[in-house]
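Inspection log for the structure reproduced underneath, given as structure tokens.
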2 protein chains.
Amino acid sequence: MTSQTDVQNAAAPGAAAPQTTHTGHPHYGRITTTGQGDPALAAGLQKVLDGRWADARRMTREAMTPDMLNPIGVTMEEHRAHVLDQMRRLADSGMPGLGFRTEDGGTGDTGGALTSFEMLGHLDLSLMVKAGVQWGLFGGAIANLGDAETRGKYLPGVMSLDLMGCFAMTELGGGSDVQNLETTATFDTETGEFVVHSPTPSSEKWYIGNAARDGSMAAVFAQLITHAENGEELRHGVHCLLVPIRDEAGNDLPGVTTTDHGHKGGLLGVDNGKIMFDHVRVPREALLDRFGAVDADGQYSSPIDSVGARFFTMLGTLIRGRVSVGAAAGAAARTSLALAVRYSLIRRQFDHPATGKGIPLLEYREHQRRLMPRVARAYAYACAQNAIVAELHDFEKNPEAFDAERRREMESHAAGIKATVTGFANDTIIEARLACGGAGYMAENLLTEMRADCDVFSTFEGDNVVLTQLVAKELLGAYAAEFGDMDQRETVAFALTTAVDVVQEKARASTLWQKLIDTVTDRENTDLLDRANQLELLVDREEHLLETVARRLRKAQGEDGSAAFKVFNSAQDHMLQAGRAHMDSWVFARFAEAVDACEDPEAKEVLGTLCDLYVLDIVDRDKGWFLEHNRLTTERTKAATAARNRLCTKLAGKARTLVDAFAIPEFVFDVPMLTDGGVDAPLETTSGADERG
Amino acid sequence: MTSQTDVQNAAAPGAAAPQTTHTGHPHYGRITTTGQGDPALAAGLQKVLDGRWADARRMTREAMTPDMLNPIGVTMEEHRAHVLDQMRRLADSGMPGLGFRTEDGGTGDTGGALTSFEMLGHLDLSLMVKAGVQWGLFGGAIANLGDAETRGKYLPGVMSLDLMGCFAMTELGGGSDVQNLETTATFDTETGEFVVHSPTPSSEKWYIGNAARDGSMAAVFAQLITHAENGEELRHGVHCLLVPIRDEAGNDLPGVTTTDHGHKGGLLGVDNGKIMFDHVRVPREALLDRFGAVDADGQYSSPIDSVGARFFTMLGTLIRGRVSVGAAAGAAARTSLALAVRYSLIRRQFDHPATGKGIPLLEYREHQRRLMPRVARAYAYACAQNAIVAELHDFEKNPEAFDAERRREMESHAAGIKATVTGFANDTIIEARLACGGAGYMAENLLTEMRADCDVFSTFEGDNVVLTQLVAKELLGAYAAEFGDMDQRETVAFALTTAVDVVQEKARASTLWQKLIDTVTDRENTDLLDRANQLELLVDREEHLLETVARRLRKAQGEDGSAAFKVFNSAQDHMLQAGRAHMDSWVFARFAEAVDACEDPEAKEVLGTLCDLYVLDIVDRDKGWFLEHNRLTTERTKAATAARNRLCTKLAGKARTLVDAFAIPEFVFDVPMLTDGGVDAPLETTSGADERG
């Protein structure tokens with residue numbers, strides 16, 4: 001299985017050039033000019049990327065059609081209508097059922113559901129987000145928080161789209177601080193109803209999907225209030241209620257005011273809006289009461305005593321949302337890389353001095369450096385994403401198998417991978433668009449719309465800065481039961497006592513790490529291309545960052561809240577660095593495991609090279625740190641930079657195959673820049689490109 | 001002139017907090033909660049930023065009205081119509097005349113014209129680009145390349161908009177390789193006409209502003225061909241001809257086919273299109289013949305013998321375009337920073353542990369680290385941009401005062417500053433948008449549209465990678481007469497002989513550097529906050545990078561073209577690094593000069609701190625290099641990182657004042673997120689923010 005098609009020497013076919021695949025330096029792969037990859041190798045790689053839910057991927061892929069692509073150049077209302085039509089198609093296909101339990105009328109395949117959502121990221125992020133709002137968030141809230149009767153009453157309509165709904169959590173004032181949202185749901189014992197109310201301008205629900213147009217009901221997160229017999233107000237924390245917001249004609253119901261957010265920076269196919277409640281009365285059954293119920297007498301009860309723990313448990317729904325968002329962003333990033341790589345193989349710029357023929361863009365070192373490390377990271381993140389999907393699937397299938405620590409780690413990694421992959425996706429789509437020059441800026445070539453749509457993925461479903469901080473806090477052992485909360489006191493208090501011990505234990509003791517070191521190490525040297533050394537390098541960085549930040553937080557010992565905040569705040573960048581370092585090594589471990597498990601020798605070798613590039617890219621970007629902390633000598637970092645360049649060139653020789661393995665439906669590439677603009681056909685006319693095919 | 005308003009302690013008003021401005025550590029400035037800056041300090045800073053064309057800035061600023069802002073949520077055709085209306089207003093105001101010579105009916109104020117264009121970048125980049133196409137490029141081509149008769153005939157209409165035109169240079173196939181464009185203009189001696197023709201699909205003119213709708217004429221760049229008496233074809237290189245493309249009804253003229261590019265990633269107010277010519281005949285006078293004429297007998301003559309030099313001279317027009325593009329991108333970046341800073345001062349997130357009150361976003365270290373280094377860079381680039389505008393103005397006033405070297409340097413710096421500032425602007429607008437969370441994603445708050453519009457600034461008017469390479473090549477002494485060409489042979493050949501000597505001479509010998517070192521150094525130490533040491537650090541890095549890349553290129557000595565390309569290509573990242581390092585030190589020098597010249601002591605001190613942060617930011621980002629090359633010890637780089645954090649906090653205490661000095665019209669800030677959404681009014685209701693004002 002040699003890949004003759006994409007390692008032929010394109011730019012230098014003269015006397016000095018290698019005429020066959022393997023005569024050149026192994027680090028000096030050559031670029032295809034035919035735009036064809038190696039199907040067998042691509043299949044081997046695809047198998048690894050497809051992962052455990054390969055069947056769901058295949059079925060989704062086969063069901064995808066060109067009309068599911070982001071429609072370009074339509075108005076906002078047209079895009080909304082288009083996406084709603086596609087939603088109906090998805091509903092008819094039965095896809096939504098994957099995400100619901102069998103007793104609720106679904107098929108109970110969390111992994112399959114998440115994988116199907118992810119695949120939508122290749123086509124239109126508006127469709128993915130609206131599907132996520134309807135089935136993942138709105139439907140998920142009912143499925144996770146409702147009793148059997150409520151689920152039976154509403155979920156069939158949620159799946160079929162007869163009932164479209166909103167996930168009304170975020171408020172203008174609170175933003176990321178969900179636990180302190182202001183909307184109230186006060187139980188009126190006399191009528192047996194809840195009164196849902198927005199008490200201040202800042203308590204208005206903002207950015208709510210399906211709120212501007214299509215939603216007729218909202219899952220409203222509100223502070224639940226009952227009254228003791230003596231009239232005292234009892235606050236039970238954030239709970240969720242189902243509140244009808246629109247009649248069948250689409251008009252706001254009495255007491256409800258919705259407002260269209262109108263144009264956003266992207267995702268124009270999603271009708272985001274605001275919702276305000278003016279003493280809206282709903283029956284007692286409207287409360288989704290799995291973790292907190294109010295009886296007819298107004299007595300509150302909950303299986304979970306702690307308000308914080310209860311809040312967090314209720315927000316379990318968000319985990320799935322975060323995993324989905326990261327997955328779809330990763331899919332969009334892969335699409336953008338596939339577009340840019342294909343373009344770079346057929347688009348030529350400037351003539352070769354010896355041949356006088358145009359040089360394919362990917363032949364240039366800088367172009368390789370722009371695209372290939374991102375291709376390597378795309379592979380790494382895809383493997384990590386598959387791992388977190390599997391973990392969540394297994395958890396939902398059998399929660400009892402997860403002890404508290406494993407569950408916390410899963411939630412922390414869901415947050416971390418969301419921040420990591422969405423940040424990566426936005427950076428990558430931008431670079432892919434720039435790498436396509438003027439053609440990349442034409443909306444018809446998909447990259448600019450993808451970028452506009454993906455942008456908000458970095459700040460919604462948890463702001464990336466907040467989520468990265470959450471990862472660091474979990475590592476410091478101070479897991480905030482208050483999901484998404486930045487309670488500095490708690491972090492500081494914990495750091496005073498046990499943090500360093502926990503860090504020591506966490507960083508190297510897990511059986512996972514041990515297994516990896518034991519199985520992958522095959523030579524005893526300190527080569528940067530040795531898997532065990534790579535692991536050691538990344539784990540050691542994470543460990544050192546955690547130890548030192550824990551030491552800094554200790555300084556707050558005995559200080560008041562104000563001084564403690566100062567300590568926390570002055571270490572914030574350090575905490576974030578630690579969180580990112582952990583995600584780097586966690587992703588590396590997942591990628592290395594996938595490489596290790598690959599049974600196809602050629603695919604395994606290529607994956608190994610991608611894994612090397614993933615690590616060298618980290619070392620190159622953070623070499624200041626490795627040098628400052630005497631982890632690497634200047635000779636080693638210089639060698640790492642040079643090796644990174646070599647691997648970029650080597651992998652560029654297989655670039656088409658590497659992106660073919662993403663298995664994106666071919667119709668996505670039916671864009672002008674790859675079919676009739678700036679490509680082989682016209683260029684061959686003038687630069688004789690055909691002679692090299 | 002103390003700035004009590006914006007250094008009050010907001011987050012920690014408790015016992016330990018400083019109660020007055022100057023009791024705290026000087027590096028620990030505090031954030032305003034009132035959103036008010038210090039007008040006197042802002043005025044002092046503004047004077048520096050306004051620079052030599054402060055009057056033009058003032059007049060433009062006063063003429064700016066809210067209806068010139070990017071209209072949000074309109075269709076492409078509506079945006080196009082809107083921008084055309086605004087163009088008419090600009091034409092009526094006489095603004096276009098600034099850019100034309102007095103003998104052509106203008107006022108001959110290049111600096112004023114460039115400054116006015118720059119200011120449009122605060123409002124709507126579509127308007128800026130369309131104005132640039134019409135008056136800068138199309139009008140500039142006629143003004144620079146046409147004879148007196150042609151100029152007299154067309155320029156009044158260009159200024160008044162009676163004649164709208166295109167700058168038809170870029171072709172689908174050639175892209176950045178302008179010198180090898182394919183369109184031909186063949187002189188037909190029999191009829192005395194030129195035949196303008198697009199011989200291949202790839203020779204179609206692409207991405208041409210005004211081509212889709214409004215242009216009735218195009219300045220067409222084509223290979224000029226005449227025939228010798230014996231019938232032999234004589235090719236004279238790229239020349240420019242005026243070709244009518246549309247009749248008064250807006251229909252394509254015979255032989256001309258225009259196609260609308262439709263939706264782009266942004267700049268929807270500019271009607272970009274394609275143009276194809278099928279043997280279109282124009283009279284002999286259509287040739288803009290200042291640097292190359294054809295007489296009635298078909299005899300070609302030119303005052304410049306070398307085809308390459310002639311080509312380059314004709315493209316002088318592009319210099320102005322590049323300076324304009326960089327300037328407008330810088331203006332957009334400043335607008336985005338002002339929006340994000342204002343939001344960060346009134347938007348609060350999470351409660352302070354001691355006070356229970358919301359903490360303004362800018363109080364967080366990470367938020368300071370996201371915004372403040374970019375504010376410092378915005379100042380640096382504004383000063384550098386002013387310097388290049390002045391240089392170009394002086395050149396156009398008195399070209400004879402510029403020897404070849406000074407002219408080459410000006411052109412190189414115009415290219416470099418365009419690449420530097422547009423890259424910075426895109427990065428900054430993205431970060432500003434993210435720093436505003438969900439509000440940043442709402443189109444009404446301007447950031448997403450700004451980002452969409454600015455995107456293409458990184459690839460048009462010269463791709464940033466190509467331009468950065470141009471800077472490096474000029475430094476290596478091998479100035480390619482072929483503008484924008486990447487002729488590697490030439491670079492390599494030069495490197496073989498003189499490059500290192502030139503590098504040595506360039507890097508430290510200029511009187512400018514000497515003056516700066518002489519005047520600014522006021523203490524003899526190696527502190528990173530000492531201006532002379534900063535200069536030495538940056539110049540030394542540039543010098544080392546240039547020396548080493550020159551040495552690498554020498555390896556191509558005696559090799560054939562193919563091997564020489566390999567040498568060049570494997571050093572491409574190194575060359576780009578050298579080009580960027582040069583721009584860093586060049587910008588630093590311009591900023592340091594501006595600080596040095598500031599007469600207001602308080603403004604001067606703040607500018608000095610911004611200049612420190614600019615340098616520390618470079619050191620922090622490139623500390624791997626400084627460590628690898630033993631320029632700084634690990635203690636020094638760690639100290640630089642810590643100092644960078646301290647300066648971020650210190651300058652955050654004056655953040656509002658710093659962005660007020662950008663002097664952006666106040667109506668720009670009349671956006672929902674700063675007036676009725678997520679800000680003081682609703683938040684005060686719930687978090688008692690008013691108590692701290």
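Protein chains get the first letters and strands the later ones, always in sequence-line order, with residue 1 at the start of each. Reckoned from all heavy atoms, side chains included, excluding hydrogens, waters and symmetry mates. No experiment lies behind these values; they were computed from the predicted model shown.
Contact annotation for B:L576: only side-chain heavy atoms (C-beta onward) come within less than 4.5 Å of a heavy atom of chain A. Of the atoms belonging to A:Y207, it is side-chain heavy atoms, and not backbone ones, that fall under 4.5 Å from chain B. The parts of A:L627 that come within reach of chain B are both its backbone and its side chain, each placing non-hydrogen atoms under 4.5 angstrom from that chain. Only the side chain of A:R451 comes within contact range of chain B, with heavy atoms under 4.5 Å apart. Proximity to chain A is limited to the side chain of B:V465, based on heavy atoms less than 4.5 angstrom apart. Heavy atoms closer than 4.5 Å to chain B are found in both the backbone and the side chain of A:L267.
The distance from the NZ atom of A:K264 to the CG atom of B:N445 is 13.5 Å, given to the nearest 0.5 Å. Note that CG of B:D455 is 8.0 Å distant from OG1 of A:T448, once rounded to the nearest 0.5 Å. Taken to the nearest 0.5 Å, the CD atom of B:E363 stands 5.5 Å off from the CZ atom of A:F565. Rounded to the nearest 0.5 angstrom, B:T649 OG1 and A:N569 CG are separated by 7.5 Å. Rounding to the nearest 0.5 Å gives a distance of 9.0 Å between NE2 of B:H263 and CD1 of A:I72.
In terms of heavy-atom pairs under 4.5 angstrom with chain B, the leader among A:S203, A:A443, A:A571 is A:A443. Each of B:M76, B:R369, B:H261 has some count of heavy-atom pairs under 4.5 Å with chain A, and the biggest count is that of B:R369. Note: B:G265 leads B:A452, B:G265, B:G624, B:G262 in heavy-atom pairs under 4.5 Å with chain A. Considering only heavy-atom pairs separated by less than 4.5 Å from chain A, the leading option among B:H629, B:E635, B:R433 is B:R433.
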Under the side chain to side chain contact (heavy atoms under 4.5 Å, CB included) rule, what do B:N426 and A:I430 come out as? Steps first, then yes or no, please.
CA-CA 10 Å; B:N426 277 312; A:I430 290 167; over 6 Å; no

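Judged purely by atom type and a 3.5 angstrom limit, B:Y441 uses its side chain to pair as donor or acceptor with the backbone of A:G266. In terms of modelled atom types and a separation under 3.5 Å, the side chain of B:E366 and the main chain of A:Q572 share no donor-acceptor contact.
Taking both residues in full, the closest heavy atoms of B:T75 and A:T75 are given as CG2-CG2, 4.5 Å, listed atom of the first, atom of the second, then distance.
The side-chain heavy atoms of B:L632 and A:E628, taken from C-beta on, include no pair separated by under 4.5 Å.
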